Amino acid sequence: MNGGPLSGKVALVAGAGSSAPGWSIGKASCVTLARQGAAVVALDHDPQAARDAAQAVSQAGGQALAVQADVADPQAMQAAVNAALARYERIDILQANAGIGKVGGIEDTELSDWERIQQVNVTSLLIATRLVVPIMRRQGGGAIVTVSSVAGLRYVGYPHLAYSVTKAAVIHFARMAAQQYAADGIRVNTVVPGLIDTPRVAANVARMFDATDLDAARAARDRQVPMQRMGTPWEVANAVAFLASDAASYITGTELVVDGGLTGKYA
């Protein structure tokens, strides 16, 4: 799409797919970035999820390339970046959206789960950033947007140790990268979503509230938020697109919390 704030830019969205039918943060981000003019490289470990995200971009009138890669695999990510460059010759935006988790506290978390969550949520940032920074530097700048969670800021009401620790690490990784690459014109920021109504909610939220009725579980989750509702993937995607755009040209090394007031709530 021509004429938008991201016109002429290429966005690599890592974690572009959806784990179930519906709109995930990654999939909504792909379409939002495309609507604002960017060509989108939709990357996911599930090739069908990557294709679905790319198809959603095409249906919205944008340009998209689907690529399959495990974000924790350096060789696979190098191949994905090569494919993006072969198609579009540049990468202006990296959205590091991939993330996994497993409920459990210290005594419930297996070392194998801890290590895999660390690889996907944190090590992947090192892999992707090392690949795109030289490209962005040659182009004269770029924008990296990581996606964390309010679980990286505070306890969210149930033990989610490995996920929460890695999401805190995502925030600090972005802060460190922002300082290192500011002089190269590369901005690095983090979007911090709160309780967002994504397809993953349907799979997980009911058991968090010991509820068998999904609508009742959603309503309980809504009541946790000062705005009395969960957010939508589109609201998070809008924050990603803002930080990726020139409208945020003097913003780096910080976090944009998209949580309906949740982290400011006393109890």
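In this text, all values refer to a predicted model and were calculated from it rather than measured experimentally.
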What distance separates Leu85 CG from Ile135 CD1, expressed to the nearest 0.5 Å?
4.5 Å

Taking all heavy atoms of Pro233 and all of Thr198, pick out the closest pair and write down the distance.
CG-CG2, 4.0 Å

Apart from Leu125 itself, residues in the same hydrophobic cluster as defined by side-chain heavy atoms under 4.5 Å
Leu126, Val170, Phe173

For residues 54-86, pull every pair meeting ring-ring contact (aromatic ring centres under 6.0 Å, His included), keeping only residues two or more places apart or in separate chains.
none

With a 3.5 Å distance limit and no angle check, can you tell me whether Asp197 reaches the backbone of Met230 through a side-chain donor-acceptor pair?
no

Show, in sequence, the C-alpha distance, side-chain angles and deciding distance for Met77 and Leu131, and conclude whether the side-chain contact (heavy atoms from CB on, under 4.5 Å) test is met.
CA-CA 8 Å; Met77 287 299 292; Leu131 289 170; 3.7 Å; yes

Rounded at 0.5 Å granularity, tell me how far CD1 in Ile117 sits from OG1 in Thr123.
12.0 Å

How long is the straight-line distance from CG of Leu43 back to CD of Gln95, given to the nearest 0.5 Å?
11.5 Å

Test salt bridge (charged side-chain N to carboxylate O under 4.0 Å, His left out) applied to Arg138 - qualifying residues, sequence neighbours left out:
none

May I have all residue pairs that pass side-chain hydrogen bond (donor to acceptor under 3.5 Å, both in side chains) and include part of residues 11-28, sequence neighbours excluded?
none

Residues in salt bridge (charged side-chain N to carboxylate O under 4.0 Å, His left out) with Asp184, at least two apart?
Arg137

Donor-acceptor side-chain pairing of Thr109 and Asp113 below 3.5 angstrom
no

Would the number of heavy atoms belonging to other residues, nucleotides or ligands and lying under 6.0 Å from CD of Gln179 be above 12?
no

N/O donor to acceptor pairs below 3.5 angstrom from side-chain atoms of residues 142-153, sequence neighbours left out:
residue	atom	partner	partner atom	Å
Thr146	OG1	Thr190	OG1	2.7
Ser148	OG	Lys167	O	2.7
Ser149	OG	Ala151	N	3.0

side-chain hydrogen bond (donor to acceptor under 3.5 Å, both in side chains) contacts in which one or both residues fall within residues 237-255, not counting sequence neighbours:
Arg175-Glu255

Specify whether Tyr163 and His160 have parallel, tilted or perpendicular ring planes, treating 30° as the upper limit for parallel and 60° as the lower limit for perpendicular.
parallel

Please enumerate all residues that pass salt bridge (charged side-chain N to carboxylate O under 4.0 Å, His left out) together with Arg87, with sequence neighbours excluded.
none

In Å and rounded to the nearest 0.5 Å, what is the CD to CZ distance from Gln139 to Arg90?
4.0 Å

Tell me every residue that passes side chain to side chain donor-acceptor pair (under 3.5 Å) with Asp52, counting only those two or more places apart in sequence or in another chain.
Gln48

Contacts of type ring-ring contact (aromatic ring centres under 6.0 Å, His included), residue Trp114, not counting sequence neighbours:
none

Donor-acceptor pairs under 3.5 Å, side chain of residues 67-74 to any protein atom, not counting sequence neighbours: which ones?
residue	atom	partner	partner atom	Å
Gln68	NE2	His45	O	2.9
Asp70	OD1	Ala72	N	2.9
Asp70	OD2	Arg116	NH2	3.2
Asp73	OD1	Gln75	N	3.0
Asp73	OD1	Ala76	N	3.2

Among residues at least two apart in sequence or on other chains, which ones pass salt bridge (charged side-chain N to carboxylate O under 4.0 Å, His left out) with Arg51?
none

Quick one: closest heavy-atom pair of Ala241 and Thr32, and the distance?
CB-CG2, 3.9 Å

